[in-house]
Amino acid sequence: MEWLIIVGAVLSLVGLAGLIASAVKVMKAKRAGLEDAELRARVQKAMALNMGALGLSVIGLMCVILGVSLS
């Protein structure tokens, strides 16, 4: 079951990269000095990326736990 641990770790790292990218997008949007409506739209787009990355990271961590349990 080592392959499941490796796949889970890769999925978790990709999810972590997505979370970091989401945070960077929000920070850039806040620094841009946009109006409220435009800022809200950009943060909503980043939130979709954030939730997807969080879900991917959770699935990866579940794979790691399952792989460790079955080993």
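The first residue of the sequence shown is numbered 1, and numbering continues consecutively from there.
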- Just one of Val7, Val14, Leu13 clears the side chain to side chain contact (heavy atoms under 4.5 Å, CB included) bar with Leu11, so which one? Val7
- Query: Judged by atom type as modelled, is there a donor-acceptor pair below 3.5 Å linking the side chain of Ser57 to the main-chain atoms of Ala53?
  - Reply: no
- Task: Kindly compute the distance separating CE (Met51) from CG (Leu19), expressed to the nearest 0.5 Å.
- Result: 10.0 Å
- Message: Let me confirm one number: the CG-CD1 distance from Asn50 to Ile20, rounded to the nearest 0.5 Å.
- Response: 11.5 Å
- Query: Looking only at heavy atoms, which two atoms of Gly60 and Ser12 are closest? And how far apart?
  - Reply: C-OG, 3.3 Å
- Please check if Trp3 and Val64 belong to a single hydrophobic cluster, counting links between Ile, Leu, Val, Met, Phe, Trp and Tyr side chain heavy atoms closer than 4.5 Å. no
- Task: Apply side chain to side chain contact (heavy atoms under 4.5 Å, CB included) to Ile5 and Cys63, showing your working.
- Result: CA-CA 6 Å; Ile5 296 170; Cys63 287; over 6 Å; no
- Query: Leu49 and Lys45: side chain to side chain contact (heavy atoms under 4.5 Å, CB included), yes or no, with the steps?
  - Reply: CA-CA 7 Å; Leu49 174 63; Lys45 287 180 184 177; over 6 Å; no
- Heavy-atom nearest pair, Met1 first then Ser71, reads CB-OG, 3.6 Å
- Note on the structure: d(Arg40 CZ, Leu34 CG) to nearest 0.5 Å is 13.0 Å
- Look up atom CG in Leu61 and atom CG in Leu66, then write down how far apart they are to the nearest 0.5 Å. 12.5 Å
- Task: Supply the atom-to-atom distance Arg42 CZ to Lys30 NZ, rounded to the nearest 0.5 angstrom.
- Result: 14.0 Å
- Message: Would the distance check show the side chain of Ser22 and the main-chain N or O of Ala46 forming a donor-acceptor pair, the cut-off being under 3.5 Å?
- Response: yes
